[in-house]
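Here the structure is laid out as structure tokens; the discussion comes afterwards.
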Amino acid sequence: QFTSYLYPGSVLHYKYDPSHAGPHVFDTFKQSKVPGFDPSEFVTYRTFATSKDGTKVPLFVTRSKASLERGGPCPTILYGYGGFNISITP
């Protein structure tokens with residue numbers, strides 16, 4: 001199963017062929033559909049924030065491509081957790 005910041009849960013199919021030397025090709029076997037959501041309209045990038053003690057904390061930002069073109073402020077939802085050897089990722 002494959003899931004990313006932009007794509008909902010998908011089950012991919014890979015046919016193993018030892019004679020194939022090119023790039024691996026995966027076919028989408030099943031994919032969750034989210035009505036009204038088009039992942040091509042968004043972009044995700046990784047950046048870092050610095051905590052009070054100077055530790056660099058990695059974070060991923062997912063935003064619409066349109067908001068990048070507009071510039072300026074845009075609504076934000078910040079979610080995450082990490083502590084006690086437990087972390088939550090999408």
Side-chain angles (χ1 to χ4, degrees):
Q1 184 171 355
F2 171 78
T3 302
S4 75
Y5 292 99
L6 291 179
Y7 291 92
S10 303
V11 177
L12 304 177
H13 177 260
Y14 175 70
K15 184 176 180 182
Y16 176 72
D17 181 358
S19 65
H20 180 71
H24 300 292
V25 178
F26 294 88
D27 295 317
T28 302
F29 178 72
K30 184 177 181 182
Q31 185 175 44
S32 299
K33 300 292 181 194
V34 180
F37 175 72
D38 181 1
S40 69
E41 295 177 2
F42 294 83
V43 62
T44 296
Y45 56 91
R46 185 176 181 188
T47 188
F48 290 87
T50 304
S51 68
K52 287 183 182 181
D53 68 359
T55 303
K56 287 192 149 209
V57 180
L59 57 105
F60 290 89
V61 176
T62 300
R63 61 190 296 175
S64 71
K65 290 179 182 177
S67 69
L68 288 172
E69 294 167 3
R70 275 194 315 262
C74 50
T76 302
I77 297 174
L78 180 60
Y79 179 78
Y81 175 83
F84 306 103
N85 292 325
I86 299 170
S87 62
I88 296 174
T89 57

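From a predicted model like this one, the values you see are computed outputs, not experimental measurements.
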Residues passing the ring-ring contact (aromatic ring centres under 6.0 Å, His included) test with Phe37, sequence neighbours excluded, are Phe42
Holding to side chain to side chain contact (heavy atoms under 4.5 Å, CB included), I want the full list of residues that pass it with Pro18, two or more places apart in sequence or in another chain.
Tyr16
Apart from Tyr45 itself, its cluster of hydrophobic side chains linked below 4.5 Å comprises Leu59, Val61
For Phe26, which residues count as a ring-ring contact (aromatic ring centres under 6.0 Å, His included) partner, sequence neighbours excluded?
Tyr14
d(Leu12 CG, Thr28 OG1) to nearest 0.5 Å is 5.5 Å
On a heavy-atom basis, the closest approach of Pro8 and Ser32 is CG-O, 3.2 Å
Among residues at least two apart in sequence or on other chains, which ones pass side chain to side chain contact (heavy atoms under 4.5 Å, CB included) with Thr44?
Tyr5, Leu6, Phe60, Thr62
Under the side-chain hydrogen bond (donor to acceptor under 3.5 Å, both in side chains) test, residues paired with Ser40 that sit two or more places apart:
Asp38
If I compare all heavy atoms of Ser64 with all of Ser67, which pair ends up nearest, and what's the gap?
O-OG, 2.8 Å
For the student: nearest non-hydrogen atoms of Tyr7 and Pro39, plus distance:
CE2-CG, 3.4 Å
